[in-house]
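I have placed the structure first, in the form of structure tokens, so that the comments after it can refer back to it.
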Amino acid sequence: MKTYAIIGNQYEGLYTQPWSKVQPLTKTRPAPKFKGFDSKASAQIWFDQEKASQNLRHRQYTTVYDGAFTAEPQRYYIFTDGGNRNTGNHAGGHVKPTDKAAWAIAIYQGPNLTQPLYTDSQAYLGRTNNDMEVQALLHALEAAEKFTEPFTIVSDSKYVLDTVTNWMYNWQRAGWKKASGPIANLASWQKIFTLVTAQADRLAFIWVKGHASSAGNIMVDQLLNTAMDQL
RNA sequence: CCUGAAGCCAUG
DNA sequence: CATGGCTTCAGG
């Protein structure tokens with residue numbers, strides 16, 4: 001019997017009604033995955049496999065475009081940021097050994113994210129911006145080992161957030177290989193994998209738009225810039 | 001190779 | 001405000 005499977009919205013399940021009845025159930029936000037099958041059995045197999053891989057897929061992050069989110073009381077919020085000054089960039093150019101780079105973190109406790117409890121930063125020469133974003137995450141996770149409260153990592157880097165929440169699990173399952181080319185900043189990601197899997201039960205992630213009125217994001221941006229100034 | 005996303009810079 | 005390059009990734 002012709003069967004349609006829907007996964008990922010409020011209508012998740014198997015349907016044997018005609019497509020004209022099922023199609024409206026797929027037009028939702030967020031968009032679901034859906035597929036048609038010739039038998040209910042094959043639909044069930046696909047559904048179970050998708051569901052299993054969905055369970056294996058790890059936590060997502062919430063996105064915040066206006067910089068404002070409600071902070072839970074007693075929860076810790078660690079803002080992270082990284083940057084470099086790629087002076088005199090030109091076509092075909094790369095990060096020079098003399099380019100300054102830095103990462104910074106700032107730890108707050110909810111619900112009032114006004115005064116950081118702790119800040120840290122470090123400047124280097126000749127490192128990439130993304131390397132610094134990853135370093136910031138790594139140091140945030142290491143700092144979190146010093147307390148036991150639940151905590152949230154706040155970053156403005158999709159590269160960092162997509163990797164901690166999704167890609168690094170795929171890379172790890174594949175023996176630390178990705179679709180094409182070598183994995184950048186591999187050693188850092190392997191350390192982060194260990195730290196995140198150990199603390200997963202009290203860890204969440206938020207993405208904020210860079211420089212968009214988030215006090216914590218602006219704070220770490222200033223911290224890493226003064227770190228570069230002092231280098 | 002192309003598409004997409006985010007970040008980081010430089011110059012005017 | 002605008003143009004242009006580099007760091008990273010996934011998917012087609």
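Chain identifiers are assigned alphabetically (A, B, ...) following the order of the sequence lines, protein sequences preceding nucleic acid strands; residue numbering begins at 1 within each chain.
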From CH2 of A/Trp207 over to P of C/dT8, roughly how many Å is that when rounded to an integer? 19 Å

Spell out, as yes or no, whether a donor-acceptor pair under 3.5 Å connects the side chain of A/Gln109 to the backbone of A/Gln74. yes

Which nucleotide wins on minimum distance to the side chain of A/Asn130, given the candidates C/dT7, B/rC9, C/dA10? C/dT7

The answer to which of A/Asp221 and A/Asp162 contacts RNA chain B further toward the 5' end, by nearest nucleotide, is A/Asp162

When we call it a touch if two heavy atoms are under 4.0 Å apart, what does A/Ile183 touch: a base, just sugar-phosphate, or nothing? sugar-phosphate

Is there a side-chain polar atom (N or O) of A/Trp189 under 4.0 Å from OP1 or OP2 of C/dT8? no

Any side-chain N or O of A/Thr128 below 4.0 angstrom from OP1/OP2 of C/dT8? yes

Nearest whole angstrom, please: distance from the C1' of C/dC9 to the OH of A/Tyr61. 11 Å

Whole angstrom value for the distance that separates P of B/rA6 from NZ of A/Lys158: 6 Å

When we call it a touch if two heavy atoms are under 4.0 Å apart, what does A/Asp131 touch: a base, just sugar-phosphate, or nothing? sugar-phosphate

Could you tell me if the side chain of A/Lys209 sits less than 4.5 Å from the side chain of A/Val64, heavy atoms only? no

Grab the NZ-P distance between A/Lys178 and C/dG11 for me, whole Å please. 11 Å

Could you check how far OH of A/Tyr159 sits from P of C/dC6, rounded to whole Å? 18 Å

Are side-chain N/O atoms of A/Asn129 and A/Tyr159 paired as donor and acceptor at under 3.5 Å? no

At 4.0 Å (heavy atoms only), tell me whether A/Asn84 reaches a base, stays on the sugar-phosphate, or touches nothing. sugar-phosphate

Whole Å only: how far is the CG atom of A/Leu137 from the P atom of B/rC8? 16 Å

So, for A/Tyr15 and A/Phe34, is the gap between ring centers shorter than 6.0 Å? no

Between A/Gly83 and A/Trp167, which has a closest nucleotide on RNA chain B that is more 5'? A/Trp167

Return no unless some side-chain N or O of A/Lys209 is found under 4.0 Å from OP1 or OP2 of B/rG7. yes

Between C/dC9, B/rA6, B/rC8, which one does the side chain of A/Asp156 approach most closely? B/rC8

Can you tell me how far C1' of B/rG7 sits from CD1 of A/Ile206, to the nearest Å? 18 Å

Has A/Asn185 got a side-chain N or O lying under 4.0 Å from the OP1 or OP2 atom of C/dT8? yes

Distance, rounded to the nearest Å, where A/Arg127 contributes CZ and B/rG7 contributes C1': 18 Å

Inspect the surroundings of CG in A/Asp38 and state if more than 12 heavy atoms from other residues, nucleotides or ligands are less than 6.0 Å away. no

Could a donor-acceptor pair under 3.5 angstrom be found where the side chain of A/Asn129 meets the base of B/rG7? yes

